Engineer: 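Before we start, here is the structure in question, set down as structure tokens.
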Amino acid sequence: MQVAFLYCDVGAPSRNNHLVEIGVHHQILADAKHEVRSMLFGWFESPESVLGKLAFSPEIFVFYLDEFNFLPTGAFAKALRGEFPQTKFVAIGPYTVLSPDSILHHGAFDCLLAGESESGLFEFVSVCNSPEKFCHIRNLWWRKPDGEIVRNPIRPLLDNPDTLPLPDYSLCDNDWTKYPDDCALMVRASVGCPHECTFCYLPVFSRATAGKGEFYRSRAAASVAGEILGAIRRQNYSRIIFTDELFPAQKTWLRGFVQHLRGLELPPWEATVAVECFDRESLQLLFEAGCRYLKIGLETGSEAFRKRLATRNLSNEAIAKLCEFSQETGIQICARVMVGLPLEDETLVRETLQFLRDLKVASIEWRFYYPVEKTPLGEYSRPKMQNLCSQSIPLPFYPTAGLESREQLIDLAREIALLAMAKTVRHLPPPPSHAIEGLLFYLPQAEVAFGQTGTALLQSYCGKEGRRSVLTLVPPVALAFPTIAFPESSVLQFAIAIPEKTERYLTARNAHARIEVACQTSEQKVVLLEKRFGSGQEQLSGHWREVLIPIPEEISSGKIIVLLETNAPEPAEVCVGLAEPILVQEASLVKSREAEYQLRLELQREAEKLKSKIDELEAELASLRDRERQAQEEAAKKAKRVSELQIQVLELEKRCETLENELRGAKRSAGFLARAREFFSRKR
């Protein structure tokens, strides 16, 4: 059976966890010898462009519906249905619990598997051509030809997640939102969540499966460690991302996890944790296992407002204490917040800003709140929400008393974005030794001009070539760095790239983007670089492209200005990454290049030596294997000869036994004859 998994990726907060979940479904069917493909696509793409990448014509389409992507996925499925009228269209994912009736009344989907669908999907694929057997598949809801909807009962939750196979990594390894050298292993150590946050879809799941088993379940520490060790032997990952909603917090589990990974050279890894479940000892255990980055959900800086959003007893004091513990252990903390929450006024947002300023965190992740169906906060806020969009996640606006305009919400969010950059700058790795200045360190003093959808994000992550600092720009945006003195023969050096998703969006929209780098002096503005990319223009995805811009000799000082703009109708779908922008002198750059060249030659020579040594070891191994094979063949011959001799011995023993029996019979006969002769002789 040929099966295609399709996931319309709109950037849901739990998308990484969804990618792993799809990978598990993929592997279950692959283990059953079905031909399976998994693919990410955008709401902006046509079915023809997506199907062209599949390389086969599926017999079953499986659509993953997360908490946000039903509208674009449904539109895509309807467009696809016309070309595949007889193909089964199956829905899985969170939305099958949030709004199953919407899916089945949509018209494009034949059936859905509500909730946890790993076993149900396997059963469905096995009998998909026998509708009379559908009634035996628990969790399956489907439409009969007459339009009647059949709702099968929900199966018990899987007690042990380790009984599932390890996921297929194709979606995770080819994540279209990552930059070229970012190679992250995505691992799931637990399923579900124990909390009841009013904005999250997971409590809806938990209530829908009440009485069916424990909703939050952890995998065995040994199993998780084994998956990591197996994966890093398969591929050279630069970092590990645990995609769990909440990483396991039990100390017995953590101690076991540390025991399996302590002392091994692992890539640094990151996870999301519940603040109230971790203390100094827990953080120390995480550090020993290789953790270097933790994400914590603050949601808001107002303690009172936070308690209205979640059932957790999470105080600002506990958050600050965990951040202090993290500094002692060497783990960096990322605080996650939402902006635009219902009933959130300017005072509450300012309280969040102040709390984040005082908090000792390495970075901040923020997003606009978007209501999820069936959640308490979502049901309250959806009727009040303006500007809903059927294609991508919009920028929501709630007409509350404190936030009177969309522009005010945007301005407050940008203050958080600028604060996030300032926090990240403090933890950036130092610029290379040959650099005069590292421009990213001037970001807190830069003048930033945003358009309506424009933003800037600073990241620092481990890539294949080491730690990389990347400034991500979303148009329209302009950055003006503070005035810098340019020594003689100065060169501006950086690398530029875009994610695959941006390239596919620009191609689909037949649009392009333009990046401009200029130098502003007191007298004039000098354009140093202008580059266009996108449809019909230069392609920048797939690799980092180095850019070297000589500063004109007549300019002794000025402001470096970076401008990004696009003619695309949805600028928020476009992003460009600038990596490691530094100012260097030409002589030091040449010297650095020479040193780099010499280092590469040395590494190449070392690699050749290692390759030669490997060849020798492989030859020796081949010789040993030949000798082992010969010994095995000789042993087999000897074993065969021994077996033959044993058979001969058995035959001889049997013959001897037969002769002995014959001899005993002859003796008995001879004795009888002797007694008979003696008897007759006496008679005579």
Side-chain angles (χ1 to χ4, degrees), residues 40 172-185 235-239 241 267-268 421 424-425 428-441 443 456-475 477 479 481 491-507 512-517 528-535 537-550 560 562-564 566 573-584 586 588-590 592-597 599-600 603-604:
L40 298 172
C172 300
D173 288 349
N174 300 290
D175 183 3
W176 68 342
T177 63
K178 68 181 182 181
Y179 285 111
D181 70 335
D182 184 13
C183 190
L185 169 65
Q235 184 169 330
N236 183 26
Y237 289 101
S238 56
R239 61 179 176 142
I241 300 174
M421 284 196 293
T424 305
V425 163
L428 291 181
S433 56
H434 65 280
I436 301 171
E437 299 284 359
L439 265 65
L440 294 181
F441 292 91
L443 273 174
L457 171 67
L458 182 59
Q459 297 171 279
S460 180
Y461 61 84
C462 286
K464 286 185 176 180
E465 299 180 359
R467 193 149 195 89
R468 188 180 290 276
S469 302
V470 178
L471 178 63
T472 297
L473 301 177
V474 176
V477 61
L479 289 175
F481 291 91
V491 176
L492 180 61
Q493 177 187 6
F494 60 90
I496 185 172
I498 62 173
E500 179 190 349
K501 182 179 180 181
T502 292
E503 182 179 313
R504 283 165 62 173
Y505 167 76
L506 291 173
T507 300
H512 68 269
R514 183 181 76 92
I515 188 167
E516 177 186 287
V517 180
L528 305 175
L529 172 75
E530 183 180 13
K531 186 181 289 288
R532 294 175 182 268
F533 57 91
S535 180
Q537 306 289 332
E538 187 174 4
Q539 302 299 306
L540 296 179
S541 68
H543 63 281
W544 285 98
R545 177 160 301 179
E546 186 182 46
V547 179
L548 298 173
I549 308 175
I560 298 295
V562 180
L563 169 69
L564 178 65
T566 181
E573 297 290 349
V574 178
C575 68
V576 178
L578 301 181
E580 313 291 346
I582 58 174
L583 191 68
V584 299
E586 186 177 339
S588 62
L589 178 63
V590 172
S592 170
R593 290 299 168 83
E594 290 177 353
E596 181 182 351
Y597 176 71
L599 179 60
R600 288 184 182 277
L603 291 174
Q604 185 177 354

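Below, all heavy atoms of this structure are taken into account, side chains as well, without hydrogens, waters or symmetry copies. These figures come from a predicted structure and were not determined experimentally.
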Engineer: Any chance you could measure Tyr179, atom OH, to Glu500, atom CD, to the nearest 0.5 Å?
Structural biologist: 13.5 Å
Engineer: Would you name the heavy atoms of Leu583 and Leu439 that are closest together and state the gap between them?
Structural biologist: N-CD1, 4.2 Å
Engineer: Taking the side chain as every heavy atom from C-beta outward, state whether Gln459 and Thr424 have any pair of such atoms under 4.5 Å apart.
Structural biologist: no
Engineer: As a quick check of understanding, evaluate side chain to side chain contact (heavy atoms under 4.5 Å, CB included) for Leu540 and Lys531, giving each step before the final call.
Structural biologist: CA-CA 10 Å; Leu540 296 179; Lys531 186 181 289 288; 4.3 Å; yes
Engineer: Does a side-chain heavy-atom distance below 4.5 Å link Val547 with Leu578?
Structural biologist: no
Engineer: Just verifying a value: how many Å separate Leu528 CG and Ile560 CD1, rounded to the nearest 0.5 Å?
Structural biologist: 6.0 Å
Engineer: When you compare the side chain of Pro581 with that of Leu440, does any pair of heavy atoms fall below 4.5 Å?
Structural biologist: yes
Engineer: Run Leu458 and Val470 through side chain to side chain contact (heavy atoms under 4.5 Å, CB included) and show every step you take.
Structural biologist: CA-CA 6 Å; Leu458 182 59; Val470 178; over 6 Å; no
Engineer: Any heavy-atom pair between the side chains of Val576 and Thr472 that's under 4.5 Å?
Structural biologist: no
Engineer: Is it true that a side-chain atom of Thr507 and a backbone atom of Ser535 form a donor plus acceptor pair closer than 3.5 Å?
Structural biologist: no
Engineer: Within a strict 4.5 Å, meaning less than it, do heavy atoms of the Glu546 and Phe494 side chains meet?
Structural biologist: no
Engineer: Do Ser238 and Pro267 come close enough that some side-chain heavy atom pair is under 4.5 Å?
Structural biologist: no
Engineer: Counting C-beta onward and ignoring hydrogens, is there a side-chain heavy-atom pair between His434 and Gln493 closer than 4.5 Å?
Structural biologist: yes
Engineer: Ion pair present between Lys501 and Glu503, side-chain N to carboxylate O less than 4.0 angstrom?
Structural biologist: no
Engineer: Can a donor-acceptor pair be found between the side chains of Arg467 and Ser460 at a distance below 3.5 Å?
Structural biologist: yes
Engineer: How far apart are the closest heavy atoms of Ile498 and Cys575, and which atoms are they?
Structural biologist: CG2-O, 3.5 Å
Engineer: Within a strict 4.5 Å, meaning less than it, do heavy atoms of the Ile582 and Pro432 side chains meet?
Structural biologist: yes
Engineer: Salt bridge (charged side-chain N to carboxylate O under 4.0 Å, His left out) for Arg239 and Asp182? Distances and angles first, verdict last.
Structural biologist: CA-CA 8 Å; Arg239 61 179 176 142; Asp182 184 13; 2.6 Å; yes
Engineer: Run the numbers on Arg514 and Glu530 for salt bridge (charged side-chain N to carboxylate O under 4.0 Å, His left out), then give the verdict.
Structural biologist: CA-CA 7 Å; Arg514 183 181 76 92; Glu530 183 180 13; 3.1 Å; yes
Engineer: Any luck finding a side-chain donor-acceptor pair between Tyr461 and Ser469 under 3.5 Å?
Structural biologist: no
